[in-house]
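For reference, the structure is listed below as structure tokens.
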There are 2 protein chains.
Amino acid sequence: MRMVIATCSVDYDGRLTAHLPLAKRLLLVKADGSVLVHSDGGSYKPLNWMSPPCAMAEVEPDEAEAAEGVVAVWVVQHAKSEDRLRVRIHEVHDDVRHDLGVDPGLVKDGVEAHLQRLLAEQIEVLGEGWTLTRREYQTPIGPVDILCRDATGQSVAVEIKRRGEIDGVEQLTRYLELMNRDPHLAPVTGVFAAQQIKPQARTLAEDRGIRCVVLDYAELKGLDDTTLRLF
Amino acid sequence: MRMVIATCSVDYDGRLTAHLPLAKRLLLVKADGSVLVHSDGGSYKPLNWMSPPCAMAEVEPDEAEAAEGVVAVWVVQHAKSEDRLRVRIHEVHDDVRHDLGVDPGLVKDGVEAHLQRLLAEQIEVLGEGWTLTRREYQTPIGPVDILCRDATGQSVAVEIKRRGEIDGVEQLTRYLELMNRDPHLAPVTGVFAAQQIKPQARTLAEDRGIRCVVLDYAELKGLDDTTLRLF
DNA sequence: CTCTGGATCTCGATG
DNA sequence: CATCGAGGTCCAGAG
């Protein structure tokens, strides 16, 4: 990892054309040759960058550039496309390198897939006597998160989101319309399950006869742990 | 901008739970208090981060942490949610600060909006005698990029993309179905215009009677400059 | 390998 | 303020 604080201008040419006027910025050169240009604000997205695979070459400024005060030019060329980043450096304020080694990587938890697995394993959370038919039940317009049966044996399609918004209700509605045309499945009712359900989404869902269930992730996980402990 | 090279472990708790095992990494603290944790590879996305508005506090490690070799703990708390990032530092290899000032920001060019403007101004590129009706023609399911008329006066809906893929053809198809139900407009034909059109998208479009046009951005811009020079 | 859908998405435009 | 769409999206999982 090379970290350079420099007064520079930057030009990207590739899928679009973009220009950064002269200013003091942080330039990061990673071990794989990728380059990030960061300012002192904004989110995690750099102002400009080149993703790997790519190669960085430091070249001498041409006459016109030298006349403008450019002391070095970085040309970062993507290996598999015509994407190119050009950094014109006017002044270097700092330039240090550190060997970081390979990162062991991120461990994630709590994503939608995990919620789906937990709820599928504990489908009785939705009602006593409910049974799982299957996860990722395929329909011609995509997979329904969970298909199950209520205590009376009637089919129920469950759509799971971390944050329940209107588009999730629309998605479930499309599945229900389709599945209710299938005489082997119909009648199919719907459950919209999410860690958090926005008021608009709840109103729309309930207006369409879809039941809304707020999932407590910690509780589901706790039940899961308890279940595991019993075996 | 504070740049710290440290051996650390990181825990994020908020919209999900994520953990980074002990390793040597770059920690960036921006002027607005946001924190990025970068490894020496991957893309521009940090391994972990906290977006502004947030505040970073450096606290003493508790007894258990100290026993594990933690010398400092950073607690980064989001200002408007319960999102929290915890960085446990075992060793600091470097720690420097630089004042970068406010960045003048990015200047973009070549985006879809620009293509739309250029093509609207030079609609005759699609055919001699073609005339512009209007840009962003509103329909109940969204705006059509360009509505125009061919030399015979028949309406044509134009969908513009930088990269033409199947979803763009589907979008245009929906507009055409809707517009052809309107007796004042029908019959409406379609043009799918993009800088690059994928073979699958072209096949689908042509199968539906939609004409495909590959746009040359440099040429459109050149024609635009020429036009400007005439006035 | 390509394709698909989610994301701690980010970012900008628009009502 | 929220919503909507696009992204140099990135990213992981499935086919």
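Residue numbers begin at 1 in each chain, while the letters A, B, ... track the order of the sequences.
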Q) Which part of the nucleic acid, if any, lies within reach of B:Met50 when heavy atoms closer than 4.0 Å are counted: base, sugar-phosphate only, or nothing? A)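 Answer is nothing: B:Met50 stays at 4.0 Å or more from every strand.
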Q.
Any base atoms under 4.0 Å from A:Gln200, or only sugar-phosphate, or nothing? Heavy atoms, all strands.
A.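 A:Gln200: backbone/sugar contact only, no base atoms under 4.0 Å.
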Q) Nucleotide by nucleotide, 5' to 3', does protein get under 4.0 Å of the base (B), only the sugar-phosphate (S), or neither (-) in nucleotides 9-15 of chain C, counting heavy atoms? A) SSS----
Between [atom2] of [N] and [atom1] of [X], the distance in whole Å:
X: B:His38; N: D:dC10; atom1: NE2; atom2: P; result: 14 Å
X: B:Asn48; N: D:dC10; atom1: CG; atom2: P; result: 19 Å
X: A:Glu159; N: C:dG6; atom1: CD; atom2: C1'; result: 12 Å
X: B:Glu170; N: C:dG5; atom1: CD; atom2: P; result: 12 Å
X: A:Asp145; N: C:dG6; atom1: CG; atom2: P; result: 9 Å
X: B:Leu85; N: C:dT8; atom1: CG; atom2: P; result: 13 Å
X: B:Leu106; N: D:dA6; atom1: CG; atom2: C1'; result: 15 Å
X: A:Leu36; N: D:dT9; atom1: CG; atom2: P; result: 17 Å

Flag the pair [X] and [Y] as a salt bridge only when some basic side-chain nitrogen lies within less than 4.0 angstrom of an acidic carboxylate oxygen.
X: A:Glu58; Y: A:Arg2; value: yes
X: B:Lys161; Y: B:Glu159; value: yes
X: A:Arg25; Y: B:Asp103; value: yes
X: A:Arg117; Y: A:Glu121; value: yes

(Q) Is any side-chain heavy atom of B:Tyr44 closer than 4.5 Å to one of A:Val35? (A)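 A:Val35 does not reach B:Tyr44 side chain to side chain.
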Q.
For the CG atom on B:Asp62, are there more than 12 heavy atoms of other groups (residues, nucleotides or ligands in this structure) within a distance under 6.0 Å?
A.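 Count over threshold, so yes.
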**Q.** side-chain N/O B:Gln171 vs D:dG5 OP1/OP2, d < 4.0 Å
**A.**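 For D:dG5, neither OP1 nor OP2 has a side-chain N or O of B:Gln171 closer than 4.0 Å.
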(Q) How long is the straight-line distance from OG of A:Ser39 back to CG of A:Leu26, given to the nearest 0.5 Å? (A)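 The OG atom of A:Ser39 is 9.5 Å from CG of A:Leu26, to the nearest 0.5 Å.
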**Q.** Position toward the 5' end of DNA chain D (nearest nucleotide), A:Asp83 or B:Lys80
**A.**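 Taking each residue's closest nucleotide, the earlier one in sequence belongs to B:Lys80.
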